[in-house]
Amino acid sequence: MSGPTKYMLVSLPTSISPSNDKDEALAALRSTITNDNGAVLPFKIPEFKIGTLDALVQQADDLAKLENACQGVVAKVGDSLRSLLEGDEEKIAQQKTVNDKPADQYLRSFNWNKVKYRADKPLAELIDSLQKELASIDNDVKAKFTQYNQVKTNLTTLQRRQTGNLATKSLTPVVDPKLLVQDSEYLETHLVVVPTNYKKDFLRSYETLSPMVVPRSAVEVTHDDEFTLFAATTFKKYSADFQHKCREMKWTPRDYKYVAGGKEEERKEVERVGKEERKVWGEALRLGRTGWSESVMIWIHVLTLRVFVETVLRYGLPLDFVCGLVKTTPKLGKKAKANLDSTYSYLGGNAFGRDHKGRVTKDDSALSSEMAAAGVGAHGGEGSEYTAYVYYDFEII
């Protein structure tokens, strides 16, 4: 089966088979889907504690919202991994495992985690536990990726100061302290970045930009492809005026104070932040990998609860149902869904209009909205299309 994978969880009453047998009901589901449209595997759902009808309707609504939150967290963590791995799809796929195995294998062999989420606990407690766990994963991953982005920004800023042009880079490696007037009570040396095309204009006019500019004090310190760096000396009293006039001429005065050993300190700082960036990158990658795995596992547990709650609401007690996991593609999934609708529309009673041969012609939109508002039958969340049977579809990307 080529292309992206789409999964469906379908729950049907065992009454779809004449014998009421689960295996026969699953075989009936398989024959409805057909091998051409997808593979059907049994999907194990424990028997949970059932509360009141009102509680079940509320839980159906809570689970719909929680599933949306799960999808959101899985997508966000996936985006973070993509950012960390610079969009390398092969590397991203290697990180996206669920419980240390491919997502498809996890789904095929899914077993409810009875240690973490005891099936004998009330549904409300299980939902609350899953919700808190999801929020914790979301917060942890978000915090680590925020930390990484801050460190990365710091490193980029430091690297730019080492490798940028004269208007932005650090001047520590390029300025000879002998060119600066230091420890003078009256004089101050200014470093001015001038576009190389205008260096003659600067040399011709700098002495008259402000009062008390030391004549012939301009010295070319260095240059790059775009700019030339000059040193010029003024009396401190007129420093602010000189810098202001430079800016008016579109020349850039650079703040600089000579510090002994500054060049070595800057080199060490870049090295230190570089090491920190690599360390935090590794931590973020590990947390992203586990966060994606755990959020997908929570998502599938939430879907399991959704199937169970809606099965009870839809088919009633005693619970005699079979649940199948359908593996298909978005294109073939439409055909599989059409087959399901055609075969099991009778389970919806009067929910669907039919022609004289009993075939489905359209769904009753009024009933759809009522069922969705009640949290029943709305696969994919509130306002979704009503189906005559319990149905959820999803893609793990």
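Between Gly333 and Met8, the shortest heavy-atom distance links the atoms O-CE, 3.1 Å. The minimum heavy-atom distance between Ser11 and Val307, with the atom names listed, is CB-CG1, 3.7 Å. A pairwise comparison of heavy atoms in Gly288 and Val77 identifies O-CG1, 3.3 Å as the closest pair. Contact detail for Val322 and Lys22: the closest heavy-atom pair is CG2-O, 3.9 Å. The two residues Leu332 and Thr329 make their nearest non-hydrogen contact at N-OG1, 3.1 Å. In terms of heavy atoms, Gly78 sits closest to Trp292 at N-CD1, 3.9 Å.
By the salt bridge (charged side-chain N to carboxylate O under 4.0 Å, His left out) test, Lys169 is found to be paired with no residue, residues two or more places apart in sequence or in another chain being considered. By the ring-ring contact (aromatic ring centres under 6.0 Å, His included) test, Phe202 is found to be paired with Tyr206, Phe230, Trp251, residues two or more places apart in sequence or in another chain being considered. Taking the salt bridge (charged side-chain N to carboxylate O under 4.0 Å, His left out) definition, one finds that Arg160 meets it with nothing, sequence neighbours left out. Scored by the side-chain hydrogen bond (donor to acceptor under 3.5 Å, both in side chains) test, Ser19 finds Glu24 as partners (sequence neighbours excluded). Residues satisfying the salt bridge (charged side-chain N to carboxylate O under 4.0 Å, His left out) criterion with Asp201, sequence neighbours excluded, are Arg204. In this structure Glu220 satisfies the salt bridge (charged side-chain N to carboxylate O under 4.0 Å, His left out) test together with Lys199, sequence neighbours excluded. Residues forming a ring-ring contact (aromatic ring centres under 6.0 Å, His included) with Tyr256 (at least two apart in sequence, or on another chain): none.
Through side-chain heavy atoms spaced under 4.5 Å, either directly or across other Ile, Leu, Val, Met, Phe, Trp or Tyr residues, Val181 is tied to Tyr186, Leu187, Met212, Val214, Phe235, Tyr238.
The hydrophobic cluster containing Leu325 also contains Tyr389, counting ILVMFWY residues as joined when their side-chain heavy atoms lie under 4.5 angstrom apart, directly or transitively. Placement of Ile397 and Trp299 in two distinct hydrophobic clusters is found when ILVMFWY residues are connected by side-chain heavy-atom separations under 4.5 Å, directly or transitively. Hydrophobic clustering (side-chain heavy atoms under 4.5 Å, transitive across Ile, Leu, Val, Met, Phe, Trp, Tyr) keeps Leu203 apart from Phe227. No path of Ile, Leu, Val, Met, Phe, Trp and Tyr side chains, each step under 4.5 Å between heavy atoms, connects Leu166 with Met249, placing them in separate hydrophobic clusters. Under a hydrophobic-cluster definition in which Ile, Leu, Val, Met, Phe, Trp and Tyr are linked whenever side-chain heavy atoms come within less than 4.5 Å, directly or via other members, Leu180 and Val194 are assigned to different clusters.
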Begin with the C-alpha distance, continue with both residues' side-chain angles, and end with the deciding distance and a verdict on side chain to side chain donor-acceptor pair (under 3.5 Å) for Glu277 and Tyr148.
CA-CA 7 Å; Glu277 189 265 351; Tyr148 172 69; 2.8 Å; yes

Walk me through it: do Asp104 and Tyr106 pass the test side chain to side chain donor-acceptor pair (under 3.5 Å)?
CA-CA 5 Å; Asp104 183 67; Tyr106 173 76; over 6 Å; no

Dump the intermediate steps for side chain to side chain donor-acceptor pair (under 3.5 Å) on Thr196 and His223, then the final yes or no.
CA-CA 8 Å; Thr196 299; His223 65 273; over 6 Å; no

Mind running side chain to side chain contact (heavy atoms under 4.5 Å, CB included) on Lys6 and Lys327 for me, showing each step along the way?
CA-CA 6 Å; Lys6 178 176 182 172; Lys327 180 184 178 182; over 6 Å; no

CA sep, side-chain torsions, deciding dist, call: Gln58, Asp54, side chain to side chain donor-acceptor pair (under 3.5 Å)
CA-CA 6 Å; Gln58 180 59 52; Asp54 285 348; over 6 Å; no

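In this structure, Lys116 pairs ionically with Glu133, as a charged nitrogen and a carboxylate oxygen lie closer than 4.0 Å. At a threshold of 4.0 Å, the pair Arg118-Asp120 counts as salt-bridged, since one of the basic side-chain nitrogens sits closer than that to a carboxylate oxygen. Between Glu269 and Arg272, at least one side-chain nitrogen of the basic residue sits less than 4.0 Å from a carboxylate oxygen of the acidic one, meeting the salt-bridge criterion. Salt bridge Glu185/Lys236: absent, no basic N to carboxylate O contact under 4.0 Å. Electrostatic pairing of Glu89 and Arg82 counts as a salt bridge here, judged by a charged N lying under 4.0 Å from a carboxylate O.
Within 6.0 Å of NZ on Lys237 lie no more than 12 heavy atoms contributed by other residues, nucleotides or ligands. By the 6.0 Å contact criterion, CD on Glu86 is open, its count of non-hydrogen atoms from other residues, nucleotides or ligands being 12 or less. No more than 12 heavy atoms of other residues, nucleotides or ligands shown are found within 6.0 angstrom of CG on Asp100.
Going from atom CD1 of Ile300 over to atom CG of Asn113 covers 13.5 Å, rounded to the nearest 0.5 Å. Atom-to-atom distance recorded for Leu9:CG and Thr311:OG1 is 10.0 Å, nearest 0.5 angstrom. To the nearest 0.5 angstrom, Thr32 atom OG1 is 6.5 Å from Leu340 atom CG. A distance of 14.0 Å separates NE2 in His301 from CD in Glu67, rounded to the nearest 0.5 Å. Atoms CG and CG, on Leu229 and Asp224 in that order, are 9.0 Å from each other to the nearest 0.5 Å. Distance check, rounded to the nearest 0.5 Å: OG1 of Thr304 to CG of Leu126 gives 11.0 Å.
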Run the side-chain donor-acceptor check on residues 140-147: report pairs under 3.5 Å with partners two or more places apart or on a different chain.
residue, atom, partner, partner atom, Å
Lys144, NZ, Gln147, OE1, 2.9
Lys144, NZ, Glu283, OE1, 2.8
Thr146, OG1, Lys142, O, 2.8

Show every donor-acceptor pair shorter than 3.5 Å between a side-chain atom in residues 38-49 and any protein atom, with sequence neighbours excluded, or say none if there are none.
residue, atom, partner, partner atom, Å
Lys44, NZ, Asn111, OD1, 3.4

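A ring pair (Phe, Tyr, Trp, His ring centres under 6.0 Å) check over residues 72-96, counting only residues at least two apart or in different chains, returns nothing. Every pair tested for ring pair (Phe, Tyr, Trp, His ring centres under 6.0 Å) that includes a residue from residues 52-96 fails, sequence neighbours excluded, so the list is empty.
A distance-only check finds a donor-acceptor pair linking the side chain of Ser217 to the backbone of Thr233 [under 3.5 Å]. Between the Arg314 side chain and the Ala388 main chain, a donor and an acceptor come within less than 3.5 Å of each other.
When each of Gln95, Gln94, Glu90, Lys96 is tested with Ile92 by the rule side-chain contact (heavy atoms from CB on, under 4.5 Å), just one qualifies, namely Lys96. No option in Leu130, Ile137, Ile298, Val296 other than Ile298 meets the side-chain contact (heavy atoms from CB on, under 4.5 Å) test with Cys70.
Checked against a 6.0 Å centroid threshold, the rings of Phe321 and Tyr315 do not count as neighbours.
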